[in-house]
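Chain A is the first sequence line, chain B the second, and so forth, proteins listed ahead of strands; every chain is numbered from 1.
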2 protein chains.
Amino acid sequence: MPMGTTWADRLRAAGLRVTRPRLSVLQVLAGRPHADVDTIVTAARALHPTVSPQAVYGVLKALVAGGLARRIEPAGAPALFELRVGDNHHHLVCRSCGAVADVDCTVGAAPCLAPSDTAGFVVDEAEVVFWGLCRACQVGTPGVTGQVARHQDRGGAHA
Amino acid sequence: MPMGTTWADRLRAAGLRVTRPRLSVLQVLAGRPHADVDTIVTAARALHPTVSPQAVYGVLKALVAGGLARRIEPAGAPALFELRVGDNHHHLVCRSCGAVADVDCTVGAAPCLAPSDTAGFVVDEAEVVFWGLCRACQVGTPGVTGQVARHQDRGGAHA
DNA sequence: CCGCCTTCCTTGATCCAGTCAAATCAAGGG
DNA sequence: CCCTTGATTTGACTGGATCAAGGAAGGCGG
């Protein structure tokens, strides 16, 4: 990605208009690799105090449709969004606090991409989610680390 | 699994009481490998006309907790349940009709289980979902296969 | 620079999966 | 057989996400 490329450029390249809510959301996502809608709305309001949640939903939908963002949906948690698109990377998700980390699918060629028996399916994507505990939660303090706390301490969860 | 083992035995072995709703749900799941709650409720009513949806939720929760069933949650779709537990197999999901097929994780040892860089996470499970089109949907008639049609008309649900 | 048209955002309602809680009912040990 | 514990019923409710109507602003033509 050339340094001179701005978010506005990217939006236009995707055929999308450049608007304040969109730039705000992009800026938020640039700083938080895996944010949920609620987090994005809150953070975006710091840049554009009047954005509505629905606007964010709309923006995210447009960004995903335009190939500028990717939506990931860990089981049992609200959707998260990230700007890393194009490379088919996967995710590590903490069962305790919900923290998410990227993982390159470096496993050689494509073991993960080639199921042994496709049962007649034509596969176009392999989605891998590694479940476990992040470093902070292993130590015993669930989701209190900065990075982690960010994605909602919906963490240990509701109960 | 010994042939003589009944569902009732399994329930007791898991420390669960043997009740009509539970047996009904188990019987439904035995016939439909990947059913969603709605499908289960409908089918279970054929065996036990008065079961409530909440009862099914409760039963499924108990079955999952007792290790008799497994819950899978494809992104953007309601949860599905299956009785195959113990073997860590994965799933093929049809983008068009939602059909699900099992895939053994035959990729040798554990390429899928070992991310290249765990970023400090302790991983205990790798979940793999292969997205694509099932045979029926490739042909051009989305979701008309019996088993398949069941979980998915949510798409065109209204109007 | 102005105006128009399209697209986007705002407001508000609605949907759906799943959960919670109180009261009733039944499984199965004593 | 009764009692205790656990399961189910009924009903309300939450939270994430979508839909719909109207108003605002992006950005092109003139």
Side-chain angles (χ1 to χ4, degrees), chain A residues 7-9 11-26 35-42 44-45 47-66 71-81 98 151-155 157-159, chain B residues 7-9 11-26 35-42 44-45 47-66 68 71-81 98 151-159:
Chain A
W7 288 123
D9 292 333
L11 285 170
R12 274 185 277 261
L16 298 170
R17 286 185 181 170
V18 180
T19 67
R20 201 116 162 278
R22 285 175 180 176
L23 292 173
S24 302
V25 168
L26 284 168
D36 60 31
V37 175
D38 200 60
T39 300
I40 297 171
V41 171
T42 303
R45 281 206 227 266
L47 305 166
H48 182 195
T50 65
V51 281
S52 64
Q54 287 74 357
V56 172
Y57 275 105
V59 168
L60 290 169
K61 198 170 180 181
L63 293 181
V64 170
R71 178 189 190 131
I72 57 182
E73 301 182 46
L80 305 178
F81 294 83
H151 324 248
Q152 276 3 315
D153 8 354
R154 71 177 134 60
H158 53 222
Chain B
W7 288 123
D9 292 334
L11 285 170
R12 274 186 276 261
L16 297 170
R17 288 186 181 171
V18 180
T19 67
R20 199 116 165 281
R22 285 175 180 177
L23 292 174
S24 302
V25 168
L26 284 168
D36 59 31
V37 175
D38 200 61
T39 300
I40 297 171
V41 171
T42 303
R45 280 207 228 267
L47 305 166
H48 183 195
T50 64
V51 282
S52 64
Q54 287 74 356
V56 172
Y57 275 107
V59 168
L60 290 169
K61 199 170 180 181
L63 294 181
V64 170
L68 292 187
R71 177 189 192 129
I72 56 183
E73 302 182 44
L80 305 178
F81 294 84
H151 4 180
Q152 69 44 5
D153 12 355
R154 118 189 41 281
H158 48 61

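At least one side-chain heavy atom of A/Leu63 sits less than 4.5 Å from a side-chain heavy atom of A/Leu11. Looking at heavy atoms from C-beta onward, B/Arg45 lies in side-chain contact with B/Val51 at the 4.5 angstrom threshold.
Sequence order on DNA chain D of the closest nucleotides to A/Arg17 and B/Leu16 puts B/Leu16 first from the 5' end.
The phosphate of D/dA7 has OP1 or OP2 within less than 4.0 Å of a side-chain N or O from B/Arg22. Under 4.0 angstrom from either OP1 or OP2 of D/dT8 there lies no side-chain N or O belonging to B/Thr50. Here B/Thr19 does not reach the OP1 or OP2 of D/dG6: none of its side-chain N or O atoms lies under 4.0 Å away. Between A/Lys61 and D/dC19, a side-chain N or O to OP1/OP2 separation shorter than 4.0 Å is present.
The side chain of B/Gln54 approaches D/dA12 more closely than any other nucleotide in the set C/dT10, D/dA12, C/dG18.
Residue A/Ala62 is classed as having no contact, given no heavy-atom separation below 4.0 Å to the nucleic acid. Across all strands shown, A/Arg71 has heavy atoms under 4.0 Å from sugar-phosphate atoms exclusively, and none from any base.
Separating the CZ atom of B/Arg20 from the P atom of C/dC25 is a distance of 16 Å, rounded to the nearest angstrom. Distance CG (A/Asp38) to C1' (D/dA17): 13 Å, rounded to an integer number of Å. In this entry the distance linking OH of B/Tyr57 with C1' of D/dC13 reads 14 Å, nearest Å.
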